[in-house]
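Right, one structure below, let's go through it.
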Amino acid sequence: NTARPDRSAHSTPIHIMTSLKAIVALAALGWSLSAAAGPLASPKRGLAFTPNDTTRVDDTIWITQPSCLTWYYNYKAEPEPTFSESFSQSEFEFVPMMWGAPEDASDTTFLETIKGLVKKGINITNVLSFNEPDGPWEWGGSDIEPAHAAKVWVSNLMPLQEMGIRVGLPATTGAPSGLVWLKSFLEECRKLVSTEKESRNCTYDFVTVHWYGNFEGLASHLGEYVAT
């Protein structure tokens, strides 16, 4: 499942989405991201990047100064050469994503990939997790059962948190199924990390929300998150 990135929905901590090949995402969470040089730069502005192999020359549009962008993600675990070869991590920060889940929950390829980036000197501080896991493949979702996602979280994402890397809650769809999925996922994860003597929860460092409607609907949707 990790090999199939979602091209139809763009996930970044709380933003209103548009279905474009590459979009500028305005994040409503105050991430601990370094601001790039330039008068317009903001840690709240990042890029959801999906390259088009027939127009790769256009990739540089996003990094032409002056720019308000300070970070990006590409639905993958490794950075985009176009950007990593032009900017350091402190200038234009790459945020890896574990888009889907491997069939074998003990597969730690994602974890090892991020460790490898860190070992190379790339300062990874934030990671995005499962993209629309409650959504079916035909709609661009990663389609993961909550219990399986919980196992993959424990094997791949909790170790990153122990390294000091911030990990986001899975970005479910804006449909009612999204919150249902998240509640089930957190309960399954709680079971995995708890013992007979101690009840524990799986923690997350920031919340990611997908929304495709108007602002009033977004406000209501966020209210449901807060109340959950």
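Just so we're clear, the structure is a prediction, and the values are computed from it rather than from any experiment.
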Val167/Trp153 under side chain to side chain contact (heavy atoms under 4.5 Å, CB included): CA gap, chis, key distance, verdict = CA-CA 10 Å; Val167 178; Trp153 178 282; 3.6 Å; yes
Are any non-hydrogen side-chain atoms of [X] and [Y] less than 4.5 angstrom apart?
| X | Y | result |
| --- | --- | --- |
| Met98 | Phe130 | yes |
| Trp181 | Thr173 | no |
| Met158 | Val193 | yes |

Take Phe110 and Val127 through the test side chain to side chain contact (heavy atoms under 4.5 Å, CB included) and record every step on the way to the result.
-> CA-CA 11 Å; Phe110 182 83; Val127 166; 3.8 Å; yes
Which atoms form the tightest heavy-atom contact between [X] and [Y], and what is the distance?
| X | Y | answer |
| --- | --- | --- |
| Thr108 | Ser155 | CG2-O, 3.6 Å |
| Asn156 | Leu111 | OD1-N, 3.1 Å |
| Trp211 | Gly174 | CZ3-O, 3.7 Å |
| Val152 | Ala101 | CG2-CB, 3.9 Å |
| Gly168 | Ser129 | O-OG, 2.6 Å |
| Tyr225 | Thr208 | OH-O, 4.1 Å |

Report yes or no: does [X] contribute a side-chain atom to a donor-acceptor pair with the main-chain N or O of [Y] at less than 3.5 Å?
| X | Y | value |
| --- | --- | --- |
| Glu80 | Asp59 | no |
| His148 | Pro102 | yes |
| Ser142 | Asn131 | yes |
| Ser220 | Glu216 | no |

For residues [X] and [Y], establish whether the separation of their ring centroids is below 6.0 Å.
| X | Y | result |
| --- | --- | --- |
| Tyr204 | Phe206 | no |
| Tyr72 | Phe94 | yes |
| Phe92 | Trp62 | no |

Would Val209 and Val180 show up in the same hydrophobic cluster when neighbours are defined by side-chain heavy atoms closer than 4.5 Å?
-> no
Determine, stepwise, if the pair Asn52 / Asp58 fulfils side chain to side chain contact (heavy atoms under 4.5 Å, CB included).
-> CA-CA 9 Å; Asn52 185 331; Asp58 293 339; over 6 Å; no
[Y] and [X] side chains, donor-acceptor separation under 3.5 Å:
| X | Y | value |
| --- | --- | --- |
| Thr172 | Asp134 | no |
| Glu198 | Thr195 | no |
| Arg190 | Asn201 | no |

Could you give me the CA-CA distance, side-chain angles and deciding distance for Thr125 and Gln89, then say whether side chain to side chain contact (heavy atoms under 4.5 Å, CB included) is met?
-> CA-CA 10 Å; Thr125 58; Gln89 184 75 344; over 6 Å; no
Inter-residue atom distance [X].[atom1] - [Y].[atom2], 0.5 Å rounding:
| X | Y | atom1 | atom2 | result |
| --- | --- | --- | --- | --- |
| Glu78 | Thr113 | CD | OG1 | 5.5 Å |
| Leu157 | Cys202 | CG | SG | 10.0 Å |
| Leu169 | Leu182 | CG | CG | 5.0 Å |
| Thr70 | Leu47 | OG1 | CG | 10.5 Å |
| Ser177 | Glu132 | OG | CD | 9.5 Å |
| Tyr75 | Leu128 | OH | CG | 10.0 Å |

More than 12 foreign heavy atoms under 6.0 Å from CD of Glu145: is that the case here?
-> no
Can you establish whether the number of heavy atoms outside Phe83 located under 6.0 Å from its atom CZ is more than 12?
-> yes
Partner set under side chain to side chain donor-acceptor pair (under 3.5 Å) for Asn123, not counting sequence neighbours | none
